[in-house]
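These notes concern the structure reproduced below.
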Amino acid sequence: MGFRVDNSKEYLVLPYFKGAEEREVKFYDEKGSLLTSLILEFKGDGNREVYLPSSLFSPSLYIEGPEELEALVKTSDELPAHTPHFSYHYAPRFGWINDPNGMHLRDGVYHLYYQHNPVSEKWNNMSWGHAVSDDMVEFKEEKPVFLPKDDKWVIFSGSALGDEFVYTVANVKGDRAFYQERRYSSDGYSFSEPDTIIPNVYEDERDPRIFTYKGETYILLWLKEDLFGLYRKEGENYSLLSSFRAKDGWECPDILFVGDRLFFTSADGTYFDAEIKDDGLHLSESGKKMFLTSLPYASQSFTGTEGSYLISWLRALTPDLESTGVMSMVRKVGFMDGVLTLKPIDALMDRFHETRRVNDEYSSSEEALYLKSEGSFKGTLSSRPFSYDKESGMLEYGEEKVDMGKDQSLEIFIDHEITEISTSDWKKLASFENPGKKNYDVKINLNLNGTVLREFIWR
């Protein structure tokens, strides 16, 4: 069944009921051309409302879907009030997010794009969400930029360099033939029509990472298993320069520039020393890990910046929010004693104000904290056991245990449901999801036993 909607107001309002039956809904313009196809979850009543910018569609909109949908679709000129949940981690007001995409600095504005389902809290309808910032600390949500082509072809991960945006078009039904597409944008908000730059060679090839090196433009592409490809730009086209294996690597390649060194990374944070020669990309034999825990994934760096700045998708469930998943803090990549370092940016650190130093018992109900500990401690964080033993070097949080190293000072960043913990030399990083605040009144309780703890409050 189909019906027409006067879509001249600011927002198209669609129904959503978590866990309801998934149903395909198609959206056409006034000429009958398919704009996009979305899988919606809704019931006859009791639905929540999902707001999408009307400009994603067309003023005169034809919707094809289940018969009961017509009575549930609305339009509005106002967006409901919303206060961001996290203080210094980004999450959209609604929907699923995963891989960060296309991050770049343009005219003083940092653009962050990301894999996004704008109409459900679970993975589906892969699109590019969009957020902007003037400091890489607090990001403001903008409207999505790419919606699925239809119910079969969706938009997977990619990257940006200057005006050129590249990404994967993924067939999620049928033969799963993926290919790489390009668009141009002079402002990061509006985009040209797409063209195909790398056709399908392997079934699931994906995640193009575009970059320049010594005057040449390249694209890194995951091909299959631990096999990656390096493509070089020739005119407006890209041709395969070399394929190479990154032991235990998997999807989402990135290239990091740290001083005069190059590093290749893949989705789980495994990184390799890298060298680009006339015949392609060459990696060190074995890789190292950027992360001690599995929460960070698909890290990508910004283009257009001096130095490499990295952000990761944190695979948090965030069950008490209307969004699923959250982005990590942005960190500047360095190199020390043979390993990469991940240091929080100065703009973030400037937002914390030191309030006290304690060395006996510590407790706080603050939801956004930065704590600097100089030794062992034991207690609870968000109702879970939380401790560090400087003799063994082991950090324990809930059921997770990681080796931070002996006699370390720890940098502890707590932001509502997310905690990121580094050593003070920034060589080790462990990230955790905290349980939602339902069954406790105090955020953190610690017995310090002589350890000096400095407390900084978010401002």
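Any value given below was found using the heavy atoms of this structure, including those in side chains, with hydrogens, waters and symmetry copies removed. Values in this document were obtained by computation on a predicted structure and should not be read as measured data.
One distance of note links CH2 of Trp128 with CZ of Phe156; it measures 13.0 Å at 0.5 Å rounding. The structure places CZ of Arg48 at 9.0 Å from CZ of Phe17, a figure rounded to the nearest 0.5 Å.
The aromatic rings of Tyr114 and Tyr90 sit tilted, their planes meeting at an angle between 30° and 60°. In this pair, Phe146 and Tyr167 present their aromatic rings tilted. The plane angle is within the 30 to 60° band. Between His130 and Tyr113, the angle of the ring planes stays under 30°, which puts this pair in the parallel group of the 30/60° scheme.
The closest side-chain donor-acceptor pair between Tyr51 and Glu49 falls under 3.5 angstrom. In this structure, a donor-acceptor pair under 3.5 Å is present between the side chains of Asn101 and Gln115. Side chain to side chain, Glu121 and Tyr16 meet the donor-acceptor criterion of an N or O pair below 3.5 Å.
For the ring pair (Phe, Tyr, Trp, His ring centres under 6.0 Å) with Phe264, the lone residue among Tyr271, Phe244, Trp222 that qualifies is Phe244.
Using a 4.0 Å cut-off between charged side-chain N and carboxylate O, Asp77 and Lys9 make no salt bridge. Between Lys140 and Glu138 no salt bridge is recorded (no basic side-chain N to carboxylate O distance below 4.0 Å). Ion pairing between a basic and an acidic side chain is recognised when a charged N comes within 4.0 Å of a carboxylate O; Asp163 and Arg106 show such pairing. Ion pairing between Lys443 and Glu367 holds under the 4.0 Å rule for side-chain N and carboxylate O.
Relative to the ring axis of Phe178, Arg206 does not place its NZ or CZ within 45° and under 6.0 Å from the centre. A cation-pi arrangement is not found for Arg351 relative to Tyr88, the charged atom failing to lie both closer than 6.0 Å to the ring centre and inside a 45° cone about the ring normal.
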Run the side-chain hydrogen bond (donor to acceptor under 3.5 Å, both in side chains) check on Glu417 and His85 step by step: do they pass? CA-CA 9 Å; Glu417 282 81 23; His85 179 78; 2.5 Å; yes

